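Inspection log for the structure reproduced underneath, given as structure tokens.
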Amino acid sequence: AETSVSQDLEGHGGGIFVYNSDVEISNSQINLNQATLQENKGGALYFEGDGSGNIIKISDTDIRGNIAKTASAIYAKSINVVLDRVTISGNHFNGNIGAAVYVEMAPMMILNSVITGNSYNPSINTGAGAIYFEDNIGISIVNSIIWNNQAPQFQFSGINFVDMIYSNLEDGIPTNIDPNYIKINEDLPDEYDNTITLTNPYFMDPIQYSGNPQIDGNFELTQYSQSCIDMGTVSILEYQDSFYDFEITDYNGTAPDIG
């Protein structure tokens, strides 16, 4: 559905709360929401399932300027989530643990999306600017930009299996991790590791996360965005007939852009 959501709730999911349901959100703005009580999760969106296979699909949507104690933008637990052409920026969490996106035992596909300019309480050491992973058996990040969030971009808890391919990642694929617990691109050919670009994406109008929460910024690519233009992929053979399967047919240039 097309919508604009902005509110302040004393509970999980300051903007939208979903439990055990299939939901599609498209062409929407989910901005300036708050989940304000101690340890509340999902400043903008809270999704939880029972592991039975419900799917949340979000496309062509902005999630900006939201606040929570944990997971300022999205919290997902035991439910399948697809983010396709989603912008997550200017969000801030001020609790003890988390990130803009907190994924717990939730298969997630992040495709052609941008996560940038998100922040957290600087007094903690268990925060991440972009994504916090907890006990996930399948996260895939493809054709996406994760850049200029408060460092580190990622944090991990428990055992996680994550694919990071054909994306623009500030600081690249995480290396300061325990390979016994964190498996990155584990089931993919080694050459996929070389599809990550590391240089500035040069957005049209980037933001500084010190001003969060905010809804500013234009994250379209420019003529200087050589790390992202024509650097994506139309599909991944290894994902065929799986939850993560996709095919991009509408693009300009020799290949889809990252972001």
Side-chain angles (χ1 to χ4, degrees), residues 1-95 97-120 128-134 136 139 141 144 146 149 212-217 219 243:
E2 296 185 13
T3 188
S4 177
V5 178
S6 180
Q7 57 187 344
D8 185 348
L9 295 180
E10 294 183 349
H12 296 315
I16 297 173
F17 178 99
V18 176
Y19 182 76
N20 232 32
S21 299
D22 296 318
V23 173
E24 293 192 22
I25 300 170
S26 63
N27 299 297
S28 298
Q29 296 180 342
I30 307 173
N31 300 339
L32 300 175
N33 299 280
Q34 296 188 53
T36 56
L37 292 183
Q38 185 66 27
E39 303 306 325
N40 276 352
K41 301 172 181 177
L45 301 164
Y46 181 99
F47 305 132
E48 185 175 349
D50 61 5
S52 61
N54 291 109
I55 299 178
I56 306 293
K57 296 182 179 180
I58 307 175
S59 61
D60 299 296
T61 289
D62 283 359
I63 305 171
R64 305 191 188 203
N66 301 283
I67 301 174
K69 294 294 184 181
T70 303
S72 53
I74 300 172
Y75 177 81
K77 180 178 181 180
S78 303
I79 197 166
N80 301 325
V81 180
V82 177
L83 305 180
D84 186 4
R85 302 181 304 279
V86 173
T87 296
I88 298 171
S89 70
N91 303 285
H92 180 79
F93 88 86
N94 51 16
I97 186 171
V101 179
Y102 194 122
V103 193
E104 182 178 357
M105 298 182 291
M108 179 176 284
M109 178 64 172
I110 302 175
L111 179 66
N112 282 108
S113 294
V114 175
I115 304 177
T116 186
N118 299 285
S119 59
Y120 61 92
I131 307 175
Y132 191 100
F133 304 92
E134 181 177 350
N136 293 285
I139 306 293
I141 301 170
S144 294
I146 299 178
N149 302 283
N212 289 348
Q214 60 182 303
I215 60 173
D216 301 327
F219 309 114
F243 165 72

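The first residue in the sequence is number 1, and the count goes up from there. Computed from a predicted structure; not experimentally measured.
Scanning both residues, Ile88 and Ile74, for their nearest heavy atoms gives CD1-CD1, 4.0 Å. Taking every heavy atom of both residues into account, Ala100 and Ser72 meet most closely at CA-OG, 3.3 Å. Considering all non-hydrogen atoms of both residues, Ser52 and Asn20 come closest at OG-OD1, 4.3 Å. Closest non-hydrogen pair, Ala44 versus Ile63, comes out as CB-CG2, 3.6 Å. Residue Phe243 comes nearest to Val81 through the heavy atom pair CZ-O, 3.6 Å, listed as atom of the first residue, atom of the second, then distance. Across all non-hydrogen atoms, the minimal contact from Asp216 to Ser89 is O-OG, 4.4 Å.
One distance of note links CD of Gln214 with CG of Asn31; it measures 11.5 Å at 0.5 Å rounding. How far CG of Leu45 is from CD1 of Ile25: 5.5 Å, rounded to the nearest 0.5 Å. For the atom pair NZ of Lys41 and CD of Glu104, the computed distance is 6.0 Å after rounding to the nearest 0.5 Å. To the nearest 0.5 Å, atoms CG (Leu32) and CD1 (Ile67) are separated by 8.5 Å. How far CG of Asn112 is from OG of Ser59: 12.0 Å, rounded to the nearest 0.5 Å.
Here Ser119 pairs with His92, Asn212 under the side chain to side chain donor-acceptor pair (under 3.5 Å) rule; sequence neighbours left out. With sequence neighbours excluded, the residues that form a ring pair (Phe, Tyr, Trp, His ring centres under 6.0 Å) with Phe93 are Tyr120. Judged as a side chain to side chain contact (heavy atoms under 4.5 Å, CB included), and not counting sequence neighbours, the contacts of Ser78 are Met105. A search for side chain to side chain donor-acceptor pair (under 3.5 Å) contacts involving Asn136 returns Asn160, not counting sequence neighbours.
Side-chain atoms of Asn33 do not come within 3.5 Å of backbone N or O of Gly43 as any donor-acceptor pair. The main-chain N or O of Ala73 is never found under 3.5 Å from a side-chain atom of Asn66 such that the two would form a donor-acceptor pair. A side-chain donor-acceptor contact under 3.5 Å links Asn149 to the backbone of Gly117. A distance-only check finds no donor-acceptor pair linking the side chain of Ser113 to the backbone of Thr87 [under 3.5 Å].
Screening residues 70-90 for ring-ring contact (aromatic ring centres under 6.0 Å, His included), with sequence neighbours left out, gives Tyr46-Tyr75, Tyr75-Tyr102. Screening residues 47-68 for ring-ring contact (aromatic ring centres under 6.0 Å, His included) gives no qualifying pairs among residues at least two apart or on separate chains. Sorted by first then second residue, the salt bridge (Lys or Arg N to Asp or Glu O under 4.0 Å) pairs that include residues 50-62, not counting sequence neighbours, are Asp60-Arg85, Asp62-Arg64.
Of the residues listed (Leu83, Val82, Ile30), the one engaging Ile58 in a side chain to side chain contact (heavy atoms under 4.5 Å, CB included) is Leu83, and it is the only one.
Under the 4.5 Å side-chain criterion, counting only non-hydrogen atoms from C-beta, Ile141 is in contact with Ile131.
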